[in-house]
Every structure is written in structure tokens, then in C-alpha cells.
Asker: 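Below is a structure I'd like to ask you about.
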Amino acid sequence: MERAQQGPRARYREQTRAEIKDLALRQLAEGGGTALALTRIAKEMGLSGPALYRYFAGRDDLLNALIRDAYDDAAAAMERAAARSAKASRGVRARLHDLAEAYRAWAIAEPHRYLLIQGAPVPGYVAPADTLERARAVLGPFLPLFATGSPGPAVAATVDEMTAWLAADGTVGAWVARYAPEVADPPDAPAQEAREIRAASALAGAVLAWTQLHGSVSLEVAGQFAGMAHRGGTLLGAHMEMLADSFGLDQAPS
């Protein structure tokens, strides 16, 4: 009896939380993170302030939920793109382009959510620690691509720094191994040296891909390319080609 009563209550609670988040996203779309106002959300929903706080403890709690949702949705988009590329037996370089375009497409479709996780920090807000793993999930599909690479001189210093990071932080190595398990058991001896080189290449490539994506996509989402002759996708594609060349990835897609 009690369990039957809890079911509808739980559903109502989730529906109300979803409605609150939808209204919060609308505010973000209108004015960015600083525009988020729980009192206005409560008014639009016909709730009192105290009633709203039964669903979210405050602004930061609501922001936590929105940020987690955004990272999870972006990661899901990247995983779908990676799966499509793998199913189509695309080459490594082509798969890099597919992932970059998937990242860009999600950001353009969800600009206010993209800027929430990749834009300027909301004043006075500190994101929860678990967003780190969610952010890593967005970049995870890039790792196996660069694990196949042969880094050239242009990225050698970055690879060296990634080698040091891997040695200093076990969670980073676990992240790389989760998405690129081949770095944990390379086919050729000596295994330890090969593993370190491939893991550092994977990490360096993913980090460099992120910086290129963030720079190009953030400029496009913010409207900074307006009035210019190029397409955002063309510019991003050029960045990915140069990055693929730096890591010796396979031939350019036809």
C-alpha cells in the first residue's frame, strides 16, 4: 500500500524537478548563468519560495543538476558519434572529424547549456567534484584515436608533460585505460615502455583536441564568427587535420 502511494509521489517530484530545470534553462538562454533566479521560477510555477526549496536546496543545487545533465548529454552525444564511426569502419582520422563535428553540433544545438559548462564561471558558484568525471566522459572517445598515433616534434613537449601527469595521478591513468584499454596491454614488448608511450600519446591528443574544440566552438557559439566568410565546421575541420598530422594519424578522409 505504502509503496503504491510512493510511486505517484516520486513521479510527481521528478516531474516538478524537470519543470524547474526547464524554466532554469530558459533563464540561462535569456541571460546566462547570472540570470538564474529561483524566486522567478517559483512565481512562474505558482509555488512559494519555501515550496521550491523542497525540490532544490538553493541556486547552487539547481546549477549542480543542470551542469550534471549537460555533461551527461554531451557525453552521450560523443558516445553515439563514436559508435556510428566504429560501426561504419571509419579510419582513425575520419573518426576524429566525426567526434569533433558531434561536439560542435551538440554545442550549437544547446548553446546555453554548452556555455554553462564551458563558458565563464557563474560568480560565487563552485561545481561539485563529480563533474570532473563527467567532463572526462565527454573527452573519453578521443583517447583511443590518439593511442594509435605517433606523436611528432610539434607535440613532443606536450606528450612529455602528459607522461609526468600520468605518473603523478593514478586517476588519469585509469581514465585513459577505461577508454583506450589497448594502452594497458600493448601487443609488443617491452610492455611497460610501450604502454607509457601510448597512454601519453592518447592523453596528449585528447587534451589538445579539447583545447582546439573549446576555442573554435566557443567562438562560434558566442557569435564571434558573424560577418566572416568561413563556416565554423570548416575551421574546426582544419584544426583537426593539423592535429591529426601532428600525431601521424592515418590518411585524410576522402
Asker: So does Arg90 pair up with Asp98, basic N to acidic O under 4.0 Å?
Answerer: yes

Asker: Evaluate the side-chain proximity of Gln118 to Trp210: yes if any heavy-atom separation is below 4.5 Å, no if none is.
Answerer: yes

Asker: Atom CE of Met78 and atom CG of Leu139: how far apart are they, to the nearest 0.5 Å?
Answerer: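 Atom-to-atom, Met78:CE and Leu139:CG are 7.5 Å apart.
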
Asker: At their closest point, which heavy atom of Leu243 faces which heavy atom of Gly205, and how far apart are they?
Answerer: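 Answer, listing the atom of Leu243 first, then Gly205: CD2-O, 4.1 Å.
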
Asker: Test of understanding: clusters of I, L, V, M, F, W, Y form through side-chain heavy atoms closer than 4.5 Å, transitively. Do Leu249 and Ile197 belong to the same one?
Answerer: no

Asker: Would you kindly confirm whether Met228 and Leu219 end up in one hydrophobic cluster when ILVMFWY residues are joined by side chain heavy atoms under 4.5 Å apart?
Answerer: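 Yes; Leu219 is reachable from Met228 via cluster members.
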
Asker: Provide the closest heavy-atom pair for Ser201 versus Phe146 in the form atom of the first, atom of the second, distance.
Answerer: OG-O, 2.7 Å

Asker: With rounding to the nearest 0.5 angstrom, report the OH to OG1 distance, Tyr55 to Thr16.
Answerer: 4.0 Å

Asker: Can you measure from CH2 (Trp165) to OG1 (Thr171) and round to the nearest 0.5 angstrom?
Answerer: 8.0 Å

Asker: So which of Lys21, Arg134, Arg113 actually passes salt bridge (Lys or Arg N to Asp or Glu O under 4.0 Å) with Asp69?
Answerer: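 So, applying the salt bridge (Lys or Arg N to Asp or Glu O under 4.0 Å) to Asp69 and each of Lys21, Arg134, Arg113, only Lys21 qualifies.
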
Asker: Going hydrophobic residue to hydrophobic residue with side-chain gaps under 4.5 angstrom, can you get from Ile117 over to Tyr125?
Answerer: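 Yes, Ile117 and Tyr125 fall within the same hydrophobic cluster.
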
Asker: Find the distance between CG (Leu38) and CG (Leu52) and round it off to the nearest 0.5 Å.
Answerer: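 With rounding to 0.5 Å, CG (Leu38) is 5.0 Å from CG (Leu52).
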
Asker: Within the 4.5 Å heavy-atom criterion, are Thr158 and Val207 side-chain neighbours or not?
Answerer: no

Asker: Could you tell me whether Glu133 and Arg136 have a side-chain N and a carboxylate O separated by less than 4.0 Å?
Answerer: yes

Asker: State, to 0.1 Å, how close Phe142 and Ala209 come at their nearest heavy-atom pair, and which atoms those are.
Answerer: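 Nearest pair, atom of Phe142 first, then Ala209: CD2-CB, 4.0 Å.
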
Asker: Is the shortest heavy-atom distance from the side chain of Phe247 to the side chain of Leu208 under 4.5 Å?
Answerer: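 Yes, close enough: below the 4.5 Å cut-off.
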
Asker: Is any side-chain heavy atom of Tyr12 closer than 4.5 Å to one of Arg9?
Answerer: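 No; the side chains remain at least 4.5 Å from each other.
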
Asker: Is there a path of hydrophobic side-chain contacts, each under 4.5 Å between heavy atoms of I, L, V, M, F, W or Y residues, that connects Val217 with Ile108?
Answerer: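 Per the 4.5 Å side-chain linkage, Val217 and Ile108 are not co-clustered.
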
Asker: Rounded to the nearest 0.5 Å, what separates atom CZ in Arg17 from atom CZ in Phe56?
Answerer: 3.5 Å

Asker: Glu241 and His97: side-chain donor and acceptor closer than 3.5 Å?
Answerer: yes

Asker: A side-chain contact here means heavy atoms from C-beta on lying under 4.5 Å apart; do Lys87 and Arg84 qualify?
Answerer: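 Answer no - side chains too far apart.
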
Asker: Can you see which heavy atom on Ser216 is nearest to which on Leu235, and at what distance?
Answerer: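 Residues Ser216 and Leu235, closest heavy atoms: OG-CD2, 4.0 Å.
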
Asker: Would a distance-only check, ignoring hydrogens and angles, find a side-chain to backbone donor-acceptor pair under 3.5 Å from Asp250 to Arg93?
Answerer: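 Yes, Asp250 side chain to Arg93 backbone: donor-acceptor pair under 3.5 Å.
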
Asker: According to a 4.5 Å side-chain heavy-atom criterion applied to Ile, Leu, Val, Met, Phe, Trp and Tyr, with indirect links allowed, do Leu63 and Tyr53 form part of one hydrophobic cluster?
Answerer: yes

Asker: Would you find a donor on one side and an acceptor on the other, under 3.5 Å apart, between the side chain of Ser218 and the backbone of His214?
Answerer: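 It does hold such a pair.
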
Asker: Return the CD1 to CZ distance between Ile41 and Arg26, rounded to the nearest 0.5 Å.
Answerer: 9.5 Å

Asker: Do Leu166 and Glu196 come close enough that some side-chain heavy atom pair is under 4.5 Å?
Answerer: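 No - every pair of side-chain heavy atoms lies 4.5 Å or more apart.
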
Asker: Do the non-hydrogen side-chain atoms of Gln27 and Leu23 ever get within less than 4.5 Å of each other?
Answerer: no

Asker: Find out whether Leu99 and Leu145 are in side-chain contact, i.e. whether some heavy atom of one side chain is under 4.5 Å from a heavy atom of the other.
Answerer: yes

Asker: Looking at every non-hydrogen atom in both residues, tell me the closest pair between Ser85 and Arg95 and how far apart they are.
Answerer: CB-CG, 3.5 Å

Asker: For the residue pair Trp106 and Ala77, what are the closest heavy atoms and their distance?
Answerer: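 Nearest pair, atom of Trp106 first, then Ala77: CD1-CB, 4.1 Å.
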
